[in-house]
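Data block below; observations after.
Just so we're on the same page: letters track the sequence lines, and every chain starts at 1. Because the structure is a prediction, the values reported are computed rather than measured.
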Amino acid sequence: MDVDVLSEWFDKSARDLPWRRDDCTAWGVLVSEIMLQQTPVARVEPIWHEWMARWPKPSSLAAASQGDVVRAWGKLGYPRRALRLHAAAAAIASTHDDVVPSDVDTLLALPGIGAYTARAVAAFAYGKRCPVVDTNVRRVVARSVHGAGDAGPPSTTRDMADVEVLLPPDDASAAKVSAALMELGAVICTARGPRCADCPVFATCAWQLAGRPAYNGPAKPVQRFAGTDRQVRGRLLDVLRDTTGPVTRPQLDLAWHDAPQRDRCLDSLLVDGLIEQTPDGLFTLPGEHPTAEQAR
DNA sequence: GAGACGTGGTC
DNA sequence: TGACCAAGTCT
């Protein structure tokens, strides 16, 4: 893999995403990374702008109620991310002087930040040299380096080692390569219908050289959605996002026909802290009304 | 390590 | 239509 060619291509062709601009703060980068987990850029962009205008610093988000945060998360999906980001913001505000940490291990200690996000923040917000491995990068490496049709099952240790050897010695160049690997996987070396004719590293791609063999590893598990608890939880939460005040149990019951499943999902949302019950038995998004405890 | 966890677009 | 896919994390 010729990473110099890749970097040149990135300079010339990268999408102009707002969290990549010079004036974007580390906080902006962190918010974008959390929102982008399993969620396409097109859906993230408008919400990210709203968040940056409304909560420009970790402490501003930390000062908001959980309910406001969950509502502002909208339909990005996996709303527990919103709660975790809120908690991370509170930790950053209280113990890191409102400054997003630049150290990978410190980032890893924050809720909702795992191996990918910690390194993405270190690299993209602080220009550090550290392997950033997401699904795009794994696919790019599988093809261009290993000559496989697609990446096999993830292995954090092996995947990071694969990327580590590709990174130039200096921080700035390495950070750019990290961004370029992701960009390549997102727009050229895509899962379906890769645009190899437009690929900057076509000439040295091991997959091309091997005659583009089909992926022969284990099939990736397919996630069902229709009829699952995930769908039911989404429906339940949707009722609360769309209303300002507390709702009654019968109102929530309209969201799903299967009572046992509905009850189980409501329970799990209460456990997750995505929904709260008021002292008088109504349901709300969290932190918007006094709980029985706070009412004393 | 497998499975849970939202949502919507594409082919 | 339904399977597959999208910058993962947590248990």
Base, sugar-phosphate alone, or nothing: which one does [X] contact when heavy atoms must sit under 4.0 Å apart?
X	value
S32(A)	nothing
G77(A)	base
L17(A)	base
P111(A)	sugar-phosphate
R192(A)	base
R241(A)	sugar-phosphate
A226(A)	nothing

Pair W27(A) and W55(A), ring centroids less than 6.0 Å apart
no
Rounded distance in Å between the [atom1] positions of [N] and [M]:
N	M	atom1	answer
dA4(B)	dA7(C)	P	22 Å
dC4(C)	dG3(B)	P	16 Å
dG8(B)	dT9(C)	P	23 Å

Residue whose nearest DNA chain B nucleotide is more 5′ - S155(A) or R81(A):
S155(A)
Starting at the 5' end of DNA chain B, which residue's closest nucleotide do you reach first, P154(A) or T39(A)?
P154(A)
Pairwise 5' ranking along DNA chain C for A191(A) and I113(A), keeping only the more 5' one
A191(A)
Regarding R262(A) and the six-membered ring of W256(A), is the cationic atom NZ or CZ under 6.0 Å from the ring centre and inside 45° of its axis?
no
Indicate, yes or no, whether a donor-acceptor pair under 3.5 Å links the base of [N] to the side chain of [X].
X	N	result
T228(A)	dG6(B)	no
R15(A)	dA7(C)	yes
R43(A)	dT7(B)	yes

Please name the pair of heavy atoms, one in P213(A) and one in G147(A), separated by the smallest distance, quoted to 0.1 Å.
CG-O, 3.4 Å
Does the side chain of S32(A) pick up a donor-acceptor pair with the side chain of R20(A) at under 3.5 Å?
no
Test side-chain contact (heavy atoms from CB on, under 4.5 Å) on T117(A) and L107(A) and set out the steps.
CA-CA 8 Å; T117(A) 304; L107(A) 285 160; over 6 Å; no
